[in-house]
Amino acid sequence: MRIFSIIILLVYSMGCIAQKTPEDFGFRELKYNYKGTDVTILISSKKGEEDIKKPIMLYCQGSLPQPVLKYDHRGLYGVFPFGENTFQDSYHVVVIGKPGVPVIADVKELDSNNYAFYKNGTATNDYKSNNNLEYYLGRNNFVIEKLLKEPWAAKKGLVVVSHSEGTYVAAKMASTNKKVTKIILSSANPYGRILSILAQDRFTGNDETTLDYWKDIVADKENTGTNGKSDSYKTTYSFSEPIAEDLLNLKIPVLFCYGTKDWSAPYNDLLQTEAIRRGNRYITFLAYRGLEHNYFPVDEKMNADLNIYNWTKTGADWKTWLEKTK
């Protein structure tokens with residue numbers, strides 16, 4: 001009996017040792033509670049300069065219930081697609097975990113898409129209930145207020161960078177939070193997610209019911225239930241509200257990046273032509289020719305070549321722009 005207990009203890013201990021933490025990968029971790037939900041913040045700083053006062057660069061992630069940190073036996077998967085090391089001389093780079101999703105996980109604990117906590121095709125209640133623009137906006141502004149009280153955080157110079165779904169959050173933050181001094185939007189649709197869905201469905205010939213789907217969403221826009229792994233009506237509705245006017249009315253520097261083969265590209269072009277018409281001098285546009293939503297080149301059938309990674313250039317362009325707009 002004693003031998004059996006020792007074996008159990010050893011197995012348990014080995015499991016504990018195998019479980020990684022953000023600190024194992026050089027991240028600092030802070031935790032808060034926002035409206036009854038647990039909020040985990042990860043900070044990536046230049047080694048040896050963790051306590052040096054610098055501005056915050058907050059990254060608003062794209063969609064899907066993935067942990068921020070994913071790893072396997074070979075090490076950590078990429079965290080920030082733009083490469084956070086590029087910016088650590090000037091900023092502490094910050095990202096906030098998704099509600100109801102572990103901030104770190106071994107990929108063997110996730111499904112084939114690296115999604116977390118799907119059981120019988122259903123996400124956790126915390127994720128379903130809070131995966132919407134209203135929640136992310138309030139939470140992020142709450143987190144910024146907390147972080148700016150930290151001794152390592154400069155009180156001025158807050159930059160918000162974003163990709164895909166996160167661009168809606170970044171735009172609304174800039175419209176509501178005077179601490180935000182610059183924003184970078186990557187692969188946004190300033191006229192709403194539903195138009196990107198429709199554009200893709202038109203291309204594939206699966207558009208017969210897309211507008212009926214949108215009518216159903218509008219009629220039940222507070223519904224947080226999900227059908228399998230799809231987003232809830234509330235999620236899709238909130239991220240389909242246009243942010244074009246928010247962007248055009250901002251009086252801070254804005255960098256707007258997109259691939260010309262993204263489904264949202266015509267609406268990005270529309271925003272750019274409107275900015276020109278209005279004489280807007282705050283928004284800088286960078287259009288990457290022939291690239292899709294995640295900056296991979298595509299063929300005539302919109303198949304992406306995943307062997308050509310362009311985020312390195314995109315991150316370098318962000319850094320150049322930030323330095324020019326000091």
Side-chain angles (χ1 to χ4, degrees), residues 15-16 18-46 50-51 54-72 75-82 84 87-88 91-111 113-119 123-153 158-166 168-170 172-173 177 179 224 235:
C16 291
Q19 181 63 47
K20 300 291 187 181
T21 68
E23 288 77 11
D24 291 328
F25 297 106
F27 288 83
R28 285 178 289 169
E29 180 180 14
L30 293 175
K31 292 186 178 182
Y32 301 123
N33 185 279
Y34 172 71
K35 293 188 174 180
T37 60
D38 293 327
V39 179
T40 303
I41 300 97
L42 299 182
I43 305 104
S44 178
S45 302
K46 187 173 182 179
E50 293 86 354
D51 296 325
K54 297 181 185 180
I56 291 170
M57 172 184 279
L58 174 67
Y59 175 48
C60 298
Q61 332 169 51
S63 59
L64 307 177
Q66 292 192 9
V68 175
L69 304 181
K70 301 179 287 291
Y71 65 91
D72 60 18
L76 185 67
Y77 285 33
V79 180
F80 302 94
F82 51 84
E84 70 274 21
F87 302 93
Q88 287 179 342
Y91 301 94
H92 295 293
V93 184
V94 173
V95 62
I96 309 171
K98 296 277 187 174
V101 176
V103 76
I104 183 169
D106 189 319
V107 294
K108 66 185 180 184
E109 300 170 1
L110 309 174
D111 74 3
N113 293 309
N114 289 331
Y115 298 165
F117 285 168
Y118 273 123
K119 294 179 180 178
T124 62
N125 288 331
D126 271 355
Y127 181 77
K128 289 190 295 184
S129 299
N130 298 301
N131 183 37
N132 59 75
L133 178 57
E134 179 184 0
Y135 171 82
Y136 289 129
L137 174 61
R139 182 202 65 176
N140 285 17
N141 281 334
F142 166 82
V143 167
I144 288 302
E145 182 180 354
K146 292 285 189 181
L147 290 181
L148 290 178
K149 296 176 182 178
E150 294 288 335
W152 47 263
L158 170 65
V159 173
V160 179
V161 304
S162 58
H163 179 65
S164 193
E165 179 179 284
Y168 299 93
V169 185
K172 290 295 185 180
M173 285 185 69
N177 192 330
K179 298 292 186 181
T224 59
T235 298

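Numbers for residues simply follow the sequence, beginning at 1.
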For the rings on Y59 and F82, is their centre-to-centre separation under 6.0 Å? yes
Going by the rule ring-ring contact (aromatic ring centres under 6.0 Å, His included), which residues pair with F27 if we only count those two or more places apart in sequence or in a different chain? none
Residues which pass side-chain hydrogen bond (donor to acceptor under 3.5 Å, both in side chains) with N141, listed by chain and number, not counting sequence neighbours: T176, N177
Shortest non-hydrogen separation from V159 to V161 and the atoms involved: CG1-CG1, 3.9 Å
Thinking salt bridges, do E150 and K54 make one under a 4.0 Å N-O criterion? no
Holding to salt bridge (Lys or Arg N to Asp or Glu O under 4.0 Å), I want the full list of residues that pass it with D72, two or more places apart in sequence or in another chain. R74
Return the set of residues passing ring-ring contact (aromatic ring centres under 6.0 Å, His included) with H92 (not counting sequence neighbours), or none when no residue passes. W152
Stepwise, does the side-chain contact (heavy atoms from CB on, under 4.5 Å) test hold for K20 with I104? CA-CA 8 Å; K20 300 291 187 181; I104 183 169; 4.1 Å; yes
Donor-acceptor contact below 3.5 Å, side chain N131 vs main chain K128: no
Considering all heavy atoms, the nearest A170-V160 contact: CB-CG1, 3.6 Å
Residues M173 and L137: closest non-hydrogen pair is N-CD1, 3.6 Å
Contacts of E84 meeting side-chain hydrogen bond (donor to acceptor under 3.5 Å, both in side chains) (sequence neighbours excluded), chain-then-number -> none
Between F25 and Y71, what is the ring plane arrangement, given parallel below 30°, perpendicular above 60°, and tilted in between? tilted
The complete set of side chain to side chain donor-acceptor pair (under 3.5 Å) pairs with one or both residues in residues 31-43, sequence neighbours excluded, reads T37-Y135
Decide yes or no on side-chain contact (heavy atoms from CB on, under 4.5 Å) for V94 and L42, but give the supporting numbers first. CA-CA 6 Å; V94 173; L42 299 182; over 6 Å; no
What one should report as the nearest heavy-atom pair of V103 and G97 is CG2-CA, 4.5 Å
For S44, give me all partners under side-chain hydrogen bond (donor to acceptor under 3.5 Å, both in side chains), at least two apart in sequence or on another chain. Q88
What verdict does the side-chain contact (heavy atoms from CB on, under 4.5 Å) test give for L147 and L58, after you've listed the backbone C-alpha separation in whole Å, the side-chain angles of each residue and the deciding distance to 0.1 Å? CA-CA 11 Å; L147 290 181; L58 174 67; 5.7 Å; no
Which residues share a ring-ring contact (aromatic ring centres under 6.0 Å, His included) with Y77, sequence neighbours left out: none
Sequence neighbours excluded, every pair satisfying salt bridge (charged side-chain N to carboxylate O under 4.0 Å, His left out) that has a member inside residues 129-140: none
Side chains of residues 60-70: which donor-acceptor partners sit under 3.5 Å, not counting sequence neighbours?
| from | atom 1 | to | atom 2 | distance (Å) |
| --- | --- | --- | --- | --- |
| Q61 | NE2 | I96 | O | 2.7 |
| Q66 | OE1 | K70 | NZ | 3.1 |
| Q66 | NE2 | N113 | O | 3.1 |
| K70 | NZ | P67 | O | 3.3 |

Counting only N and O atoms by type, is there a donor-acceptor contact under 3.5 Å from the side chain of R28 to the main-chain atoms of I41? no
Output all residues satisfying salt bridge (Lys or Arg N to Asp or Glu O under 4.0 Å) with K172, sequence neighbours left out; order by chain, then residue number. D246
Any side-chain donor-acceptor pair under 3.5 Å between N140 and Y136? no
Just to verify, what does Y168 make a ring-ring contact (aromatic ring centres under 6.0 Å, His included) with, not counting sequence neighbours? F239
Minimum heavy-atom separation for L110 to A105, with atom names? CD2-CB, 4.0 Å
Roughly how far apart are L148 CG and L158 CG, rounded to 0.5 Å? 6.5 Å
